[in-house]
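Have a look at the structure below, then the notes.
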Amino acid sequence: MNPLVIAPSILSADFARLAEETRSVQTAGAEWIHFDVMDGHFVPNLTFGPAVLDGLNKSVPAFYDVHLMVTDPLEYGKRFAKAGANLVSFHLEAAMDPGAVIDGLKAVNVQVGLVINPGRSPEEMFPYLDRLDLVLVMSVWAGFGGQSFQDAAPARVEILAREIARRGLKTRLQVDGGINAKTSRLVRDAGADTLVAGTSVFGAADRAAAIASLRA
Ligand code: DX5
Ligand code: ZN
């Protein structure tokens, strides 16, 4: 199994102090930085563009895990790769031809992840598993931070964990939405190795303790 990675979502950071906030979770022990991109179309919310990632990456070098919630994942995925993304994940729901998006992103040398919202069955990811660096199971509906974890998530994670193990793949299994000390345990037991957490890390007085509690 892959070593556990904690990826705090800067969606919950103070946007006026983005560099400082990013550095603070790095210092607190986070391996990756989760960068939520929303286009006001695929989801109603609107967040950051590639120029923000480019600036942030120059001032705070990190592994940037870009979660695209946009209707044109190939076009924007390439732009984020150029701006310093290490991994770009896109929604199965947003791609007419997910295989073509995977190929297009691989061609610009970025790691690739595929995401499903709670409405999709995990089996729909199976045809793409061998070509992916990561699969992301949303434990809330994509669009906003601060929602409650959906209890159906661990069973969905387990379906993918079994298939990844059965094929002997190294594909990471990520969960995003409502992750805290308690729900972290549930999804890790189900086989998740990469955890996104917004509110529970950025909202904590002691961020190092919050990150440690996700690993406990
Ligand atoms: C939701 C985003 C999440 C969100 C997680 O659309 O993809 O990354 O920021 O935030 P919390 O941990 O607060 O649910
Ligand atoms: Zn996210």
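In what follows, every heavy atom counts, from backbone to side chain, and hydrogens, waters and symmetry copies are set aside. The first residue in the sequence is number 1, and the count goes up from there. Ligands are counted one by one from 1 in listed order, and the atoms in each one are counted from 1 as well.
Counting heavy atoms from C-beta outward, Asp65 and Asn86 have side chains that stay 4.5 Å or more apart. Put simply, the side chain of Lys106 does not reach to within 4.5 Å of the side chain of Arg131, judged on heavy atoms. Here the side chains of Val135 and Leu129 are in contact, with some heavy-atom distance below 4.5 Å. For the pair Ile10/Phe35, a side-chain contact is recorded, criterion being any heavy-atom separation below 4.5 Å from C-beta on. Using a 4.5 Å heavy-atom cutoff, the side chains of Glu31 and Phe63 are not in contact.
Using cut-offs of 30° and 60° on the angle between ring planes, the pair His67 and His91 is parallel.
When the N, O or S atoms of His67 are ranked by distance to the Zn ion (ligand 2), ND1 comes first. Nearest to the Zn ion (ligand 2), among the N, O or S atoms that Asp36 has, is OD1. Checked against the Zn ion (ligand 2), the N, O or S atom of Asp176 at the shortest distance is OD2.
Closest protein heavy atom to atom 13 (O) of ligand 1: Thr199 OG1, 2.4 Å. Nearest protein heavy-atom neighbour of atom 1 (C) of ligand 1: Phe144 O, 3.4 Å. For atom 12 (O) of ligand 1, the nearest protein heavy atom (residue, atom name, distance) is Gly198 N, 2.7 Å. Scanning all protein heavy atoms for the shortest distance to atom 6 (O) of ligand 1 gives Gly143 N, 2.7 Å.
Polar contact with ligand 1: absent for Ser12 (N/O pair, distance under 3.5 Å). Some N or O of Gly146 is nearer than 3.5 Å to an N or O of ligand 1, by distance alone.
At a 4.0 Å heavy-atom cut-off, ligand 1 touches Asp176 through the side chain alone. Contacts of Ser9 with ligand 1, taken as heavy-atom pairs under 4.0 Å, involve the side chain alone.
Ligand 1 places these atoms under 4.0 Å from at least one heavy atom of His67: 7 (O). Every atom of ligand 1 is numbered from 1 in the order shown, and the set under 4.0 Å from a heavy atom of Ala142 is 6 (O). Proximity to Gly177 (heavy-atom distance under 4.0 Å) selects the following atoms of ligand 1: 14 (O).
In this structure, Gly178 counts as a contact residue of ligand 1, since one of its heavy atoms falls inside 4.0 Å of the ligand.
Listed for the Ser139 side chain is no donor-acceptor partner under 3.5 Å among the backbone atoms of Ala153.
No hydrogens or angles considered: nothing links the side chains of Asp36 and Thr47 as a donor-acceptor pair under 3.5 Å. A donor and an acceptor atom, one from each side chain of Arg188 and Ser184, are located under 3.5 Å apart.
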